[in-house]
Amino acid sequence: SAVISQKPSRDICQRGTSLTIQCQVDSQVTMMFWYRQQPGQSLTLIATANQGSEATYESGFVIDKFPISRPNLTFSTLTVSNMSPEDSSIYLCSVELARNGELFFGEGSRLTVL
Amino acid sequence: AQRVTQPEKLLSVFKGAPVELKCNYSYSGSPELFWYVQYSRQRLQLLLRHISRESIKGFTADLNKGETSFHLKKPFAQEEDSAMYYCALNSGTYKYIFGTGTRLKVLA
């Protein structure tokens, strides 16, 4: 299994500012995933962070809005830039240790934008 | 388009009653399907996957390709089963598509 730590667990931010969410995994993984869960919605994949290369973004998500860093095999950050109230959501970091469908999730970062 | 539908946002049952959480999917190929669960104040975790054909905590789920369904069932609900349940589909890549989730409340 994998233990994933996310920081911050929650934050309240002002419109127009940016927030960086950190994700630390207790084992080395090739791919780390960032999901968004808006109120009452399902989990939506934002991007996949690969160590040593640029992140791969899903349709509807762009690097300028959600820049991602992946400096090593155990750590990644997601920045939510120029925030608006529509960005209020839970952001989840996830990894898959083996290609067996078991995703391990962090506790999530609950972001509220005023 | 690939899609997972969980029609019920909330399902309330009494302790000891049978439970069925519905999941329907849309996918043209051979999907891999999963159920994830999130208990109160805990992180999201895998409950079971259709490939394993296993029973976890008394829950089972059968993939019905004709009806494109993967309903989660348990014959006798327990209070500790109260949680948020998500059905998820994997199309053979690293991408997982999640349903909107069903909150199960088991009443004493």
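What you see is a predicted model, and the numbers here were worked out from it, not measured in a lab.
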Q | Toward chain B, the part of A/T48 with a non-hydrogen atom under 4.5 Å | A | side chain

Q) Under a single-linkage definition using a 4.5 Å side-chain heavy-atom cutoff for Ile, Leu, Val, Met, Phe, Trp and Tyr, are A/Y35 and A/V113 assigned to the same hydrophobic cluster? A) no

(Q) Shorter than 4.5 Å, heavy atoms on both sides: which option in B/L33, B/L46, B/I97 has the most such pairs with chain A? (A) B/L46

(Q) I'd like to know whether CZ of B/F76 has more than 12 heavy-atom contacts from other residues, nucleotides or ligands below 6.0 angstrom. (A) no

**Q.** Under 4.5 Å from a heavy atom of chain B, the part of A/E107 involved
**A.** both

**Q.** Heavy-atom pair with the smallest gap, counting every atom of A/S42 and B/G99
**A.** CB-O, 2.9 Å

Q) Any link between B/V19 and B/L47 through a network of hydrophobic side chains (Ile, Leu, Val, Met, Phe, Trp, Tyr) touching at under 4.5 Å? A) yes

Q: Identify the two heavy atoms, one from A/L103 and one from B/F98, that lie closest to each other, and give their separation to 0.1 Å.
A: CD1-CZ, 4.0 Å

List the atom pairs, with distances to 0.1 Å, where a side-chain N or O of residues 60-78 of chain A and a protein N or O form a donor-acceptor pair under 3.5 Å, not counting sequence neighbours.
from	atom 1	to	atom 2	distance (Å)
A/K65	NZ	A/S81	O	2.7
A/K65	NZ	A/N82	O	3.1
A/K65	NZ	A/D87	OD2	2.6
A/S69	OG	A/T77	OG1	2.6
A/R70	NE	A/N72	O	2.9
A/R70	NE	A/F75	O	3.3
A/R70	NH1	A/T30	O	2.8
A/R70	NH1	A/A49	O	2.8
A/R70	NH2	A/V29	O	2.6
A/R70	NH2	A/L73	O	3.1
A/N72	OD1	A/T74	N	2.9
A/N72	OD1	A/T74	OG1	3.1
A/N72	OD1	A/F75	N	3.0
A/T74	OG1	A/Q24	NE2	3.2
A/S76	OG	A/W34	NE1	3.1
A/S76	OG	A/S69	O	2.9

Q) Is the count of non-hydrogen atoms from other residues, nucleotides or ligands lying under 6.0 Å from B/E79 atom CD greater than 12? A) yes

Q: Please report the closest heavy-atom contact between A/I4 and B/R43, naming both atoms and the distance.
A: O-NH1, 2.7 Å

**Q.** Reported OH-to-CD distance for the pair B/Y96 and A/E102, which is rounded to 0.5 angstrom
**A.** 9.5 Å

Q) Can you tell me if CD on A/E54 sees more than 12 non-hydrogen neighbours from other groups inside 6.0 Å? A) no

Q: Heavy-atom distances under 4.5 Å only: say whether A/L43 touches chain B with side chain, backbone, both or neither.
A: both

**Q.** Single-linkage hydrophobic cluster A/F105~A/L45, side-chain heavy atoms < 4.5 angstrom
**A.** yes

Q | Non-hydrogen atoms of A/Q37 and B/Y86 that approach each other most closely | A | NE2-OH, 2.6 Å

